[in-house]
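Since the structure comes first, as C-alpha cells, the remarks are kept for the end.
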Amino acid sequence: MWKFLQNKKIGIDLGTANTVVFTLEGGIVVDEPTIVAIDQVNKKIEAIGHDAKAMIGKTPESVRIYRPLQDGAIADYRTARAVLKSVIDKAVGKNYFFKPDAIVSVPAGITSTERRAVIEATRSAGARSVVLVKEPILAALGAGVPINEAKGHMLVDIGGGTTDVAVISLGGVVASTSVKCAGTKIDQAIIDYIRKKYSVVIGDRTAEDIKKRIASALIVVPDVRDDIKGRDMHTGLPKTITISTNELAEVLAPQYQQIVKAIKDVLSDTPAELASDIIDYGIVMTGGSSQLQNLSELIKQQTGVSVRVADEPLYAVAKGTGILLAHLDDYQRSILTKR
C-alpha cells in the first residue's frame, strides 16, 4: 500500500484526553494532552498539549482553552489540526523532507462524516496518506490479543471520551458499540456532585485527581476519605471538604452502569460460538479509565465473564498502531478507511 520506503510511518492514537504517537524506530515518541490554548483577541494559538493543560483554570479572560475532540470525534477542526500538526512535527521533525504515512485510531461508532474530518485534518497537518482503524482493533493488538484467529475476543477500551466495546474474530469486528461515557464524563459527574452537594467548585484537573486517588466502582471496606480543595460558591473563598470512596461509588454508579450495559448489549449480539470463546478467554480492558479501582470486578460480577486489564492499558492503542505498521499486509481486514 505504501510504496515509498523513504516515507516515515507513524501511528496516532487520537484521543479525547491525550494524543499518543508511535514510530517503529522510537516506539512511543509523543504523549500530549489533546488541549489547545487560544488568545481570543488575535486568534493566535498560545499553547498546545502539556503547556496548554498547565494553563487550565489559570488563564486571563482573553485566553480560552479548547478540547478539539468531544466524545471521540473532532468538534473543532482548527484546533484538532493544530494538535495533529504539533504531534506529527515532534514525531518526525519539522525539517523532515518526506511527509509521513499515518495510521490513526477512531472510535468503533464513528460516522462517515467524522471519518472524513479525521482524514482531512491529519493530511492537512502534514501526513501524506492516512489509514483509519477502529480503536478496539488497535487496542486488542496492543494488548497482545491474537485477532486473526478464528476465535472470539472481547475488547473494552475506556478512553477519555468514549467506551468502545467490540468482539473481534478473524481480524474483523463482529459486533460492537461505542458509548459516550468514559473518563471525561466521570470527571464531570464528580464536578457536578461536589457543586450540588457541597456548593464547592472544582476544576477538571482536581476531578481527574479525585477519580484516580479514591474513586471505586464498588463499595470498599474500610471506606477511604480524602480532603478536596475548591472554591465556595457563596463566599468565593477557598474551602476544603472531605469526601469518601463509597460516597463517590454511589454518585458514579450511573456512569459505570452505562459501560456495563454497553458490554451486555454487545454480548447479546455476539454469535453463540464466539460467545463461548469469550467465556473461555475473558474480557480484555484497555484505556486509561480501565484502571479505575474495582471497575473490572464490577464488570465480572455483572456479566459473569472474567476480566483482565492489559499491561500499560493507556498505551494499548498506540502500541497496536506499531504492530499494524510492522505487519500491515497481515491485517488488511482491520483497516477501516484508506486515503
Side-chain angles (χ1 to χ4, degrees), residues 12-21 30-91 94 117-118 121-122 124-126 159-162 180-215 226-241 243 288-289 314:
I12 303 174
D13 174 11
L14 182 60
T16 301
N18 290 80
T19 297
V20 183
V21 182
V30 179
D31 180 4
E32 291 270 358
T34 312
I35 301 174
V36 180
I38 297 181
D39 189 318
Q40 297 299 293
V41 176
N42 56 26
K43 304 302 180 183
K44 178 184 176 183
I45 293 176
E46 294 290 326
I48 298 173
H50 291 295
D51 291 339
K53 185 173 184 178
M55 297 168 66
I56 293 177
K58 303 176 183 179
T59 62
E61 290 185 3
S62 61
V63 177
R64 181 178 173 185
I65 302 295
Y66 286 84
R67 295 182 182 271
L69 272 73
Q70 297 293 330
D71 301 326
I74 290 178
D76 187 288
Y77 182 87
R78 181 196 173 197
T79 52
R81 178 189 176 279
V83 168
L84 284 163
K85 179 170 174 49
S86 174
V87 298
I88 289 173
D89 285 347
K90 288 179 179 178
K94 292 183 179 180
V118 174
T122 308
S124 177
T162 62
K180 296 175 181 179
C181 178
T184 54
K185 288 290 175 66
I186 293 171
D187 294 346
Q188 189 60 50
I190 293 172
I191 292 170
D192 293 343
Y193 171 72
I194 291 177
R195 177 191 290 267
K196 183 177 180 180
K197 176 71 181 292
Y198 297 101
S199 298
V200 169
V201 178
I202 62 171
D204 293 347
R205 295 176 67 180
T206 300
E208 183 180 12
D209 190 43
I210 294 169
K211 175 182 69 180
K212 290 178 179 178
R213 286 205 321 267
I214 66 169
D226 198 7
D227 290 339
I228 308 300
K229 298 174 182 178
R231 176 173 56 83
D232 190 296
M233 290 174 58
H234 303 301
T235 67
L237 299 175
K239 184 176 180 179
T240 300
I241 60 171
I243 62 173
S289 294
L314 184 62

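We count residues from 1, following the sequence as given.
Atom CG of Asp39 is separated from atom CD1 of Ile45 by 11.5 Å, given to the nearest 0.5 angstrom. To the nearest 0.5 Å, the span separating OG1 on Thr79 from CD1 on Ile35 amounts to 11.0 Å. To the nearest 0.5 Å, atoms CG (Asn18) and OG1 (Thr34) are separated by 5.5 Å. We find the CD1-CD1 distance between Ile186 and Ile191 to be 12.5 Å, quoted to the nearest 0.5 Å. Atom CD of Glu32 and atom CG of Asp51 lie 7.5 Å apart (nearest 0.5 Å). The NZ atom of Lys239 sits 13.5 Å away from the CD1 atom of Ile202 when rounded to the nearest 0.5 Å.
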**Study point:** Audit row: Arg67, Asp204, side-chain contact (heavy atoms from CB on, under 4.5 Å) steps and yes/no
**Key:** CA-CA 12 Å; Arg67 295 182 182 271; Asp204 293 347; 3.6 Å; yes
Practice item. Mind running side-chain contact (heavy atoms from CB on, under 4.5 Å) on Ile88 and Ile12 for me, showing each step along the way? Key: CA-CA 9 Å; Ile88 289 173; Ile12 303 174; 4.1 Å; yes
Point to revise | Working for side-chain contact (heavy atoms from CB on, under 4.5 Å), residues Thr206 and Ile228 | key: CA-CA 8 Å; Thr206 300; Ile228 308 300; 4.1 Å; yes
Exercise for review: Evaluate the criterion side-chain contact (heavy atoms from CB on, under 4.5 Å) for residue pair Ile214 and Ile243; output intermediate values, then yes/no.
Suggested key: CA-CA 9 Å; Ile214 66 169; Ile243 62 173; 3.9 Å; yes
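By the 4.5 Å heavy-atom criterion applied to side chains, Met55 and Val63 are counted as neighbours. For the pair Asp192/Gln188, a side-chain contact is recorded, criterion being any heavy-atom separation below 4.5 Å from C-beta on. Ile38 has its side chain within reach of Arg78: a pair of non-hydrogen atoms, C-beta onward, lies under 4.5 Å apart. Ile210 has its side chain within reach of Ile194: a pair of non-hydrogen atoms, C-beta onward, lies under 4.5 Å apart. Using a 4.5 Å heavy-atom cutoff, the side chains of Asp187 and Lys211 are in contact.
Counting non-hydrogen atoms of neighbouring residues, nucleotides and ligands closer than 6.0 angstrom, the CZ atom of Arg195 reaches no more than 12 such neighbours.
Annotation for Ile241 and Val200: closest pair CG2-CG2, 3.9 Å, computed over non-hydrogen atoms. Considering all non-hydrogen atoms of both residues, Leu14 and Thr19 come closest at CD1-OG1, 3.6 Å. Looking at every heavy atom in both residues, Arg81 comes nearest to Ala121 through CG-O, 4.1 Å. Considering all non-hydrogen atoms of both residues, Val36 and Pro68 come closest at CG2-CG, 4.1 Å. Across every non-hydrogen atom of Ser289 and Gly183, the tightest pair is OG-CA, 3.2 Å. When all heavy atoms of Ala117 and Tyr77 are compared, the pair lying nearest together is O-CE1, 4.0 Å.
For Asp89 and Lys85, the salt-bridge test passes: some basic side-chain N is under 4.0 Å from an acidic carboxylate O.
The cationic group of Arg64 lies under 6.0 Å from the six-membered ring centre of Tyr66 and within 45° of the ring axis, placing it in a cation-pi geometry.
In this structure, Ser199 contributes its side chain and Met233 its backbone to no donor-acceptor pair below 3.5 Å. Judged by distance alone, the side chain of Gln70 and the main-chain N or O of Gly161 form no donor-acceptor pair under 3.5 Å. Under the 3.5 Å distance criterion, the side-chain polar atoms of Thr184 are matched with a main-chain donor or acceptor of Gly160.
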